[in-house]
Amino acid sequence: MSARTYRDGAHTMCGHCDLIAETLTAETARVYPELGTPAEVGKPLCCDEAAADWRAERGRSGGAA
């Protein structure tokens, strides 16, 4: 769990938008390509701010884009 998320009962919540933190899965990327590519598996889908932070972290860590 990222420092930008928190637990609320049974759910992991986004620290940016306070919605349930959902991430792109390989299955979702295959069925809904407009949400992201398979290379973006793990990208937050709850808000643009969380997705931007995720992209920035991957850029700094040298991960595949």
Side-chain angles (χ1 to χ4, degrees):
M1 187 167 23
S2 165
R4 291 183 182 86
T5 59
Y6 63 93
R7 296 290 297 177
D8 184 18
H11 300 288
T12 300
M13 308 298 286
C14 175
H16 295 294
C17 65
D18 294 322
L19 296 175
I20 294 173
E22 295 191 39
T23 58
L24 183 67
T25 63
E27 177 69 12
T28 303
R30 185 181 64 74
V31 175
Y32 302 102
E34 67 275 9
L35 294 177
T37 67
E40 295 178 305
V41 167
K43 176 180 82 172
L45 297 175
C46 53
C47 70
D48 291 339
E49 190 173 348
D53 284 349
W54 179 84
R55 283 190 295 276
E57 288 171 0
R58 286 178 54 108
R60 282 195 304 266
S61 68

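The structure presented is a predicted model; accordingly, all values stated were derived computationally and were not measured. What you see below is based on every heavy atom in this structure, not just the backbone, and it leaves out hydrogens, waters and symmetry mates.
L45 approaches L35 most closely through the heavy-atom pair CD2-O, 4.2 Å. Of all heavy-atom pairs between K43 and A51, the closest is CG-CB, 4.2 Å. The two residues C47 and H16 come nearest to each other via the heavy atoms SG-CB, 3.7 Å.
In terms of hydrophobic clustering, with Ile, Leu, Val, Met, Phe, Trp and Tyr side chains grouped at heavy-atom distances under 4.5 Å, L24 and Y32 are assigned to a common cluster.
Side-chain atoms of R4 and W54, non-hydrogen and from C-beta on, never get closer than 4.5 Å to each other.
For the side-chain contact (heavy atoms from CB on, under 4.5 Å) test, residues two or more places apart in sequence or in another chain that qualify with E22 are I20. Evaluation of the side-chain contact (heavy atoms from CB on, under 4.5 Å) rule for A21 yields T5, T12, C14 as partners, not counting sequence neighbours.
The list of salt bridge (charged side-chain N to carboxylate O under 4.0 Å, His left out) pairs with a residue in residues 28-38, not counting sequence neighbours, reads E27-R30.
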